[in-house]
Every structure is written in C-alpha cells, then in structure tokens.
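Counting from 1, the numbers follow the sequence of the chain as shown.
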Amino acid sequence: MNKEKHIIIAGGGAAGMIAAVAAAREGCKVSLYEKNEKLGKKLFITGKGRCNVTNACDMEELFGAVVTNRKFLFSSFYGFTNEDVMELFEEAGLPLKIERGNRVFPCSDHSSDVIAALERMMRQAGVKVYLRQEIKGLAVRSEEDTDTGAVRQVCCGICLEGPDGREKEVPADRVILATGGVSYPSTGSTGDGHAWAKMLGHKVTDLLPALVPFEAAEKEEVKALQGLSLKNIEIAVYNGKKELYREFGEMLFTHFGVSGPVILSASSFCAKAVSKGALKLVIDLKPALSGEQLDERILRDFAEAKNRQFKNSLSHLYPAKLIPEIIRRSGIDPDKQVNEITRQERRRLVEATKGLTFTLTGLRPFKEAIITQGGISVKETDPSTMESKRVKGLYFAGELLDLDAVTGGFNLQIAWSTGWQAGKAAAKDTTL
C-alpha cells in the first residue's frame, strides 16, 4: 500500500520505536536513526531497571495523572490506550503483570525484555535500524501550497555527517522526531530535537527537570536522616499560603534533601514555583489520626512507659532515626520523665508529628531527573496526527513535546500513545 513512502524516525527510545512499528505495519519503508550504540538506553533504566511499561488504570485516572497539557492527549490516548499497549506487548511475547497502584511491569522484571520485544516487532515489520548515526539536522524545502498559494516549509529528510565530514542529506517523505527531552543526558537526551524545532520557528517552552528530588535548606537535619524511608505519610507543598500539591504515600530523606514517589510527583507540580523561590514542605507522619486522636495515642504510650525518660518512650510512634529530630522540634527535654510532660508539651509533640516542616530550595539537576518538563509547544502541533503546524511532513512524539505526568507508568504511556499516533498518521498522510 505505502511501499514507496519512506519515513525516517529520529531517536530510538520508547516513542521512536513504537512510531517505527506503527508506520511499518501500514506498509511504509521505515528507517530509524539512533546516535547511541544500542536502542532504548533510557528505557533500560526506567523503573529502577524493571520498566514500568504503563498504568492499568481507567481513562479518567490516566488523564488525571497528566500534569501538563492533558487535553492535547485526548486523541492519542484514545487512539492507543493503555490496554492497547499491554495487548501489543503481550502479543509480542512479553508477559506483563500489574502491581500496586496499577503499575504494569514485565513479568521478568527486566527492562531489557521490553526493549527486546520492541526490537522484535520492528524486525518483523521490516524497520531498518541505523545505530551510532548522529543526525545533524533536518532537510527542509520551501514550496507553494497549491490551494492557497502561500509558501510553506516541508520536511524532506535528515542530514547526517558523511565520511568526509560534510553533511549528507538522507531523503524521506515524512520525518518523525522522537529525540527525547534533556533529562538523563548520559542516555543521549541532549535536546537536539528542541534545537531543530526552534530553527524551524517552533516555540520551545522553558525546560525544567521533573520527577526529580528536591534540595532542602536544613542540610544538617536531612543529612542525619539520610536513608530514612517514610511510608503512609502525607505531604503538602506550599508557596507562601498557597497549597501547590498534596499527596499520600512514601518518601525518602537523602544527603541533600528529599526524594521518593510523592516527592518526585510533587516536583512536576512545583518545578516552576521552586525555580523562583523557596517552598515549604509539610510532612504529616500520622495522617490517619486527627490531632486529638494522636494526643490520645501519645497518652496511652506514655501511660505504658510512665517511668521512662521521654527519649526512650517514642519507639512505638517513630522510626529510631527520626526520634532525635522529633524531640528537637518538640522542644521537650529528652531526659524528662514522661509522667511529668505537660499538655502543652504534648501539643508541641503532636504539631511536630503532623507538621514536620522543611524548606525546599530547588530541584536536583537534569542528570538526576526522570523526565523533562517543557518542550515543543503543543499549540503548534496537531493533536490528532502529531504533525507540526509549521512544517509539513514533520511529526513529533514523546518527551520532546511539552507533555508530562506523575510517576506510575504515565509518562511512558504518553510516549507510546504519541509515538503510535505519529507513526500511523505519517504513514496514512497523502497530502504531499
């Protein structure tokens, strides 16, 4: 059907590989160019090497997990759903399992098996893969629109560096850019696609690290707590009095600040604000209990340990590593007998427990960020095809675009859906 149509994919990550499969299955000649020595380098390290393929939630929750430009994804999410993704991989011989929070992983717990499944699908569909091939730019020509008479730009291929050091053009009927963001640059995500899009007149929104740990002002305190993981806690992040984010779950203290699932998700909602000034993190260590209920619980614990010193009576309430910090914040003498502690002192203990506060001063760098927030403006991209509204024959997919979501497999779903949409649309487009 489309044997004469040649589609070039720039980038061998999640979005690029799935776009290649989609286009090739429509009968197109597909060439995928990747500058690394192997495909899926970032995919290999996702989910701590296990690869959280997608999330098995319903569509409402899927859209709710998107932080930036969720309306833009309506067509691509419904065009290639999380269920479609799971079916595609299982048909390709990759058994999947669903874990807590509807997170989907390969049964093997190896991200390499996800990459292998994509490579199998591409091979079966006839995709030609070129590794260690760094694209230097896009080939673009100007032509007159036969309907309107206006001059428009048309993408007609890519430019590679030839053996003599000069650029050589590789012609194509359509080009899909899937070069990623700028997070984890060691995997090859160095912002090339953003630079090419800018040169063609596309707006690229501010790029910020996202799904990334925060640094805290309280250096001594967090260093003392380093490695401590807190479960079943609730965090809230404030900019002045304005609440930016609230979530229940798990977090972790590091030598520089805070990390863990709820903190990483918070970074996506707070990246812009923290780049302008410090924010307040409030941790509720006992969110299931009201202040009164917690006070009653403390009274019971004190009654059982009435002859003990305060510092030796808290092991049932807090992890050992956290006790010195709680004592410090409560202002209660650690050597005081618990039967001598006043109601006012107990109130301070309750406040320290339900309002453990830290100052967030910034985000960790891109090299530690799971994803990039910001990218090619979706206002200049057709949501039903992923084609550029500025350059005919040029398509965008994945993290390159100004799209991002919280943790849980949602960002990979964006890559799968937009990649599939771009591949299908590029293959079926007959307007050139």
Side-chain angles (χ1 to χ4, degrees), residues 213-263 266 270 274 277-362:
F214 283 93
E215 294 187 351
E218 296 82 1
K219 299 296 181 192
E220 295 295 319
E221 289 90 330
V222 295
K223 201 166 184 180
L225 297 170
Q226 181 182 347
L228 174 63
S229 178
L230 298 176
K231 296 183 178 181
N232 302 319
I233 49 92
E234 184 177 70
I235 67 156
V237 181
Y238 294 90
N239 187 1
K241 291 183 179 178
K242 184 182 178 185
E243 184 179 293
L244 301 180
Y245 185 76
R246 180 178 289 271
E247 187 60 83
F248 176 88
E250 298 177 25
M251 65 165 284
L252 172 74
F253 287 99
T254 67
H255 67 285
F256 52 76
V258 287
S259 187
V262 294
I263 296 294
C270 306
V274 79
L279 305 177
K280 183 169 74 171
L281 169 68
V282 180
I283 306 165
D284 184 346
L285 298 168
K286 302 291 178 185
L289 302 176
S290 67
E292 284 182 9
Q293 289 170 327
L294 179 57
D295 188 40
E296 288 170 9
R297 163 77 192 274
I298 290 167
L299 274 172
R300 286 200 302 275
D301 283 4
F302 282 1
E304 290 173 14
K306 58 186 175 184
N307 295 318
R308 286 188 195 167
Q309 292 174 308
F310 176 55
K311 64 184 179 185
N312 297 324
S313 67
L314 302 172
S315 58
H316 292 304
L317 267 177
Y318 313 101
K321 210 168 192 177
L322 189 57
I323 290 173
E325 184 63 19
I326 290 291
I327 290 172
R328 190 184 70 78
R329 300 230 183 180
S330 73
I332 303 170
D333 179 354
D335 296 321
K336 195 170 189 177
Q337 297 286 110
V338 292
N339 57 9
E340 294 174 4
I341 290 174
T342 66
R343 179 186 292 178
Q344 191 174 358
E345 287 173 324
R346 280 203 325 273
R347 189 179 299 125
R348 293 206 304 268
L349 181 58
V350 167
E351 287 168 2
T353 307
K354 293 192 68 66
L356 188 60
T357 304
F358 292 89
T359 307
L360 304 176
T361 55

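The backbone N or O of Thr359 lies less than 3.5 Å from a partner atom in the side chain of Glu218, making a donor-acceptor pair. In this structure, Arg329 contributes its side chain and Thr357 its backbone to a donor-acceptor pair below 3.5 Å. A distance-only check finds no donor-acceptor pair linking the side chain of Glu234 to the backbone of Phe248 [under 3.5 Å].
Considering all non-hydrogen atoms of both residues, Gln226 and His255 come closest at OE1-CB, 3.3 Å. The two residues Ser313 and Val338 have their closest heavy-atom pair at OG-CG1, 3.3 Å. Closest of all the heavy-atom pairs between Ser259 and Thr254 is CB-CG2, 3.8 Å.
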**Message:** Applying salt bridge (charged side-chain N to carboxylate O under 4.0 Å, His left out) to Arg328 and Glu325, what does each step give before you reach the verdict?
**Reply:** CA-CA 5 Å; Arg328 190 184 70 78; Glu325 184 63 19; 2.7 Å; yes

**Message:** Ile327 vs Ile332, test: side chain to side chain contact (heavy atoms under 4.5 Å, CB included). Steps then yes/no.
**Reply:** CA-CA 6 Å; Ile327 290 172; Ile332 303 170; 5.7 Å; no

**Message:** side chain to side chain contact (heavy atoms under 4.5 Å, CB included) for Ile341 and Phe310? Distances and angles first, verdict last.
**Reply:** CA-CA 8 Å; Ile341 290 174; Phe310 176 55; 3.4 Å; yes

**Asked** Could you go step by step and tell me if Leu225 and Leu322 meet the side chain to side chain contact (heavy atoms under 4.5 Å, CB included) rule?
**Response** CA-CA 7 Å; Leu225 297 170; Leu322 189 57; 3.8 Å; yes

**Request:** Evaluate the criterion side chain to side chain contact (heavy atoms under 4.5 Å, CB included) for residue pair Val237 and Phe214; output intermediate values, then yes/no.
**Result:** CA-CA 11 Å; Val237 181; Phe214 283 93; 5.6 Å; no

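Taken to the nearest 0.5 Å, the CD atom of Glu304 stands 13.0 Å off from the CG atom of Asn307. Annotation: the span from Ile298 atom CD1 to Arg347 atom CZ amounts to 12.0 Å, rounded to 0.5 Å. In this structure, OG on Ser330 lies 13.0 Å from CZ on Arg346, to the nearest 0.5 angstrom. The line from CG of Leu294 to CG of Leu349 is 7.0 Å long, rounded to the nearest 0.5 Å. Here the straight-line distance linking atom CG of Leu252 with atom CD1 of Ile263 works out to 9.5 Å at 0.5 Å rounding. Expressed to the nearest 0.5 Å, how far CD of Glu215 lies from OG1 of Thr361 amounts to 5.5 Å.
Using a 4.5 Å cut-off on side-chain heavy atoms (C-beta onward), Glu243 and Tyr238 make contact. Side-chain contact between Asn239 and Cys270: absent, with no pair of heavy atoms (C-beta onward) separated by less than 4.5 Å. Side chains of Val258 and Leu360 form a contact here, defined as non-hydrogen atoms less than 4.5 Å apart. Side-chain atoms of Phe302 and Gln337, non-hydrogen and from C-beta on, never get closer than 4.5 Å to each other.
Counting heavy atoms of neighbouring residues, nucleotides and ligands inside a 6.0 Å radius, atom CZ of Arg308 does not exceed 12 of them. Applying the 6.0 Å contact sphere to NZ of Lys306 captures no more than 12 heavy atoms from other residues, nucleotides or ligands.
The side chain to side chain contact (heavy atoms under 4.5 Å, CB included) search around Lys321 returns Leu228, not counting sequence neighbours.
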Compile the donor-acceptor pairs under 3.5 Å between side chains in residues 277-288 and protein atoms, sequence neighbours left out, one pair per line.
{"from": "Asp284", "atom 1": "OD1", "to": "Lys286", "atom 2": "N", "distance (Å)": "3.0"}
{"from": "Asp284", "atom 1": "OD1", "to": "Lys354", "atom 2": "NZ", "distance (Å)": "3.2"}
{"from": "Asp284", "atom 1": "OD2", "to": "Lys354", "atom 2": "NZ", "distance (Å)": "2.8"}
{"from": "Lys286", "atom 1": "NZ", "to": "Leu317", "atom 2": "O", "distance (Å)": "3.0"}

